[in-house]
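All values below were derived from every heavy atom in this structure, side-chain atoms included, with hydrogens, water molecules and symmetry-related copies excluded.
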Amino acid sequence: MEPQVLYRITFLSGLTEGPEGFPLLLVTDIQEEDPPRYRTRLALFDGGLRFLTQEEAQKPRYAHPYVYFLRRVGERQELFRLDLRGGEAERLTKTPGVLDYWVGPKGEVAFLALKEAPKPGAPRVYEGWPFKFDGKGLLPEGRVALYLLEEGEPRLLLDRYPSPKELAFAPEGLYLVMPEDAKAQAEGRDTLYALREGRLERVWGGVGPIFGLEWSPEGLFFLGHAFERGGGTEARLYHFRDGEARVLFTGSLLNSLNSDLRFGHHFQGPKWGGDGVYLVRTEEGRARLYRVGLDGKALALTQEGSVLSFALTPKGLFLLKEDFTRPARLEGPLGTYDPNAGVLDLAEPLYTEWESPEGHRVPGWVLLPEGEGPHPVVLYIHGGPHTAFGAAPMLELQLFRAQGYAVAFCNPRGSTGYGQDFALLEGAWGERDERDLLGFLDHVLSRFPLDPKRVGVAGGSYGGYMVNWLTARHPERFKAAVTDRSICNWLSFFGASDIGPRFTYLELAATPWERPEVLWEKSPLRLVHQVKAPTLVVHSEADHRCPIDQGETWYTALFHLGVKARFLRVPEEGHELSRSGRPDRRLARLRAYLDWWRENL
């Protein structure tokens, strides 16, 4: 198997209820043009797949007899509507750019849009934070308003900064989620508001993030928390009624598993189903669908594999399911649609776990290549840190295996799906996680046919941080390394990252002016002179999450220290290069990894 197999994969997303209870979904394939591009089309599944558009469609939502969706027009996104009784898609908006939209139970349509488009090359003025976001670039502060479509014409509903992030239609008006002011926005504190007849009323919140609004006849449901346990705080499902919000369910809500074989938006709840609230929760390497009653009693509706998305329809429950060896496929009462059957030949990893002397277990997996071994092995570290590996496909790791490298990957402390206490690092980056990762590595080296003299290490984002940290702290341990979209210097990350101040404080409880010694103590750059492992540095130029100065700094230091190093610098891409970057750039990245292992491991 070679990286080029990526071009043969079909991605499913956007699953939602459609006409007569049939599901609607988006089907994305890769068009091998120059340059190659993703093509996303809207389809209906009625036992077979029927395409409704041949042109781009994003975020479909159904309200009889129409399907609404977003489509790019030139450099901006606009709202379209397709009448399923016949005819072509109709453009509903002419704006400087639609950011998002919502459809009410009676076909009402509200949308967020730019009031004016920033002039290319013109200076930008900001008085709030954040002023940029990965995948979006510079944010349109003060240029966003909320509109309601009435008889085909937009009516201004709300013009305010900070602007709404989500909304839900209710008989009494609109429920909106937005920060109360610029300070609340900077601190990640959302507030629930009601908008009734032009009057805005503060309803609840102001202590942490609020997301996933879902109105029902039984009241409003949403997810949220108040950062009580820092960056690793697990979410809660709230039921809001009569001015009171009570917690129904907690945990690692939504699918937090790592995968590089997804594309597009995936709805994971909450969703009212008449008999309870449906949503996805990540548990011990699987993302399960739950139904939660108003009494808080929860029932897991799936066991094997992982749920990527779901849709409740009169015909039944439809799921997009994934596992270690298969990307998303549609399952439901009308059968299964798997566009990748016969395309991929992925191996099932072997489960193993390390019992820590501290009293916890570290779960993980090993992918073994063909042959008896001993095999060279790559310790691969996930991002986050509050995500997890599990029953979701990682093409990258499978490619390593196909080229003769074993891969060991695990969920150290800080990972999601193993309870609130396990998800916490509480400032101990490079301590608890290091002990777990190295303990797991020793465990697999002693139990599988692996070569202890040919150990590589790789990872992206938080995983890239840990690559930098481990190769600096344990210079004799690793024969080669790949650090991808990493952090090496917390002091510069604080101001340059789109999440820098909030993330740094939540994870390390420090700022550059309060406890700056902590930020330097936790920066791999402080120890870079100890690195010996040949290192490939991979970074994207438009990465606003872990800005490119992090990769530049690490590479420059290694070069001047005389460590063998190579810098793969990718133009125009952001933090999501490995998952949704332009296909040829994704291929170049995968080939760079394989070349590096061939040369150095």
Side-chain angles (χ1 to χ4, degrees), residues 16 58-64 66-71 73 76-81 90-118 127-128 130 133 136 139-182 184-185 189-206 209-217 219-224 240 243 265 267 270 272:
T16 189
Q58 301 290 345
K59 284 194 174 181
R61 288 160 186 158
Y62 173 70
H64 178 78
Y66 302 108
V67 180
Y68 297 84
F69 57 87
L70 297 175
R71 175 178 289 170
V73 179
R76 63 185 184 273
Q77 205 170 225
E78 298 287 8
L79 180 61
F80 284 74
R81 183 176 71 181
E90 169 192 8
R91 179 176 168 182
L92 298 179
T93 59
K94 292 183 179 180
T95 71
V98 173
L99 306 179
D100 207 346
Y101 78 102
W102 297 265
V103 179
K106 298 177 182 178
E108 315 97 314
V109 179
F111 64 93
L112 276 175
L114 295 176
K115 295 183 293 181
E116 57 176 324
E127 296 181 345
F133 202 78
K136 298 179 180 178
L139 296 178
E141 182 178 272
R143 291 192 174 95
V144 179
L146 178 66
Y147 301 88
L148 182 71
L149 272 179
E150 291 184 333
E151 298 181 356
E153 294 297 322
R155 176 169 69 86
L156 179 66
L157 287 181
L158 189 66
D159 184 357
R160 153 193 209 278
Y161 177 80
S163 57
K165 299 162 67 174
E166 287 193 32
L167 68 79
F169 285 90
E172 61 269 29
L174 289 177
Y175 285 104
L176 308 173
V177 171
M178 51 192 167
E180 196 162 355
D181 51 32
Q185 177 169 271
R189 296 184 289 108
D190 293 329
T191 297
L192 180 66
Y193 290 88
L195 182 62
R196 301 183 179 98
E197 298 179 350
R199 184 170 54 87
L200 194 62
E201 175 189 348
R202 188 183 189 281
V203 174
W204 187 86
I210 298 172
F211 53 102
L213 283 188
E214 167 73 355
W215 181 85
S216 83
L220 191 69
F221 300 95
F222 54 85
L223 306 180
F240 182 83
H265 176 74
F267 176 77
W272 174 250

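Scored by the salt bridge (Lys or Arg N to Asp or Glu O under 4.0 Å) test, E172 finds no partners at all (sequence neighbours excluded). Residues satisfying the side chain to side chain contact (heavy atoms under 4.5 Å, CB included) test with K94, not counting sequence neighbours, are R91. In this structure, R143 has no side chain to side chain donor-acceptor pair (under 3.5 Å) partners at least two apart in sequence or on a different chain. H265 meets the side chain to side chain donor-acceptor pair (under 3.5 Å) test with no other residue; sequence neighbours excluded. T93 meets the side chain to side chain donor-acceptor pair (under 3.5 Å) test with E78; sequence neighbours excluded. With sequence neighbours left out, the side chain to side chain donor-acceptor pair (under 3.5 Å) criterion links E151 to no other residue. When the ring pair (Phe, Tyr, Trp, His ring centres under 6.0 Å) test is applied to F221, the partners found at least two apart in sequence or on another chain are H239, W272. Annotation: ring pair (Phe, Tyr, Trp, His ring centres under 6.0 Å) contacts of F267 (sequence neighbours excluded): F310.
Between V67 and T16, the closest side-chain pair of non-hydrogen atoms is not below 4.5 Å. Taking the side chain as every heavy atom from C-beta outward, L220 and L192 approach each other to under 4.5 Å. V177 has its side chain out of reach of L167: every pair of non-hydrogen atoms, C-beta onward, lies at least 4.5 Å apart. Looking only at side-chain heavy atoms (C-beta outward), V144 and L139 stay at 4.5 Å or farther from each other. No side-chain heavy atom of I210 sits less than 4.5 Å from a side-chain heavy atom of T191.
For the salt bridge (Lys or Arg N to Asp or Glu O under 4.0 Å) condition, the pairs that include at least one residue of residues 155-168, sequence neighbours left out, are K115-D159, E150-R155, K165-D190. For residues 140-182, every residue pair satisfying the ring pair (Phe, Tyr, Trp, His ring centres under 6.0 Å) rule, not counting sequence neighbours, is listed here: F111-Y147.
In this structure, a donor-acceptor pair under 3.5 Å is present between the side chains of H64 and Y62.
Of the candidates F211, W204, W215, F222 forms a ring-ring contact (aromatic ring centres under 6.0 Å, His included) with just one, namely W204.
Residue Q77 holds its CD atom at 8.5 Å from CG of D100, rounded to the nearest 0.5 Å. The distance from atom CG of L148 to atom CG of L157, rounded to the nearest 0.5 Å, is 5.0 Å. Here the straight-line distance linking atom OG of S163 with atom CG of L112 works out to 6.0 Å at 0.5 Å rounding.
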**Message:** Between L114 and T95, does the side-chain contact (heavy atoms from CB on, under 4.5 Å) criterion hold? Intermediate values first, please.
**Reply:** CA-CA 7 Å; L114 295 176; T95 71; over 6 Å; no
**Asked** Is there a side-chain contact (heavy atoms from CB on, under 4.5 Å) between L176 and L213 once you walk through the steps?
**Response** CA-CA 9 Å; L176 308 173; L213 283 188; over 6 Å; no
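No donor-acceptor pair closer than 3.5 Å links the side chain of E90 to the backbone N or O of R81. Under the 3.5 Å distance criterion, the side-chain polar atoms of E116 are left unmatched by any main-chain donor or acceptor of P96. Counting only distance, with no hydrogens or angles, the side chain of R202 and the backbone of Y193 share no donor-acceptor pair below 3.5 Å.
The minimum heavy-atom distance between F69 and L79, with the atom names listed, is O-CD1, 3.5 Å. Nearest heavy atoms, L156 versus A145: CD1-CB, 3.6 Å. E214 and P270 get closest at one heavy-atom pair: CB-O, 3.6 Å.
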Result block: side-chain N/O donor-acceptor pairs under 3.5 angstrom for residues 102-109, not counting sequence neighbours:
from, atom 1, to, atom 2, distance (Å)
E108, OE1, K106, N, 2.9

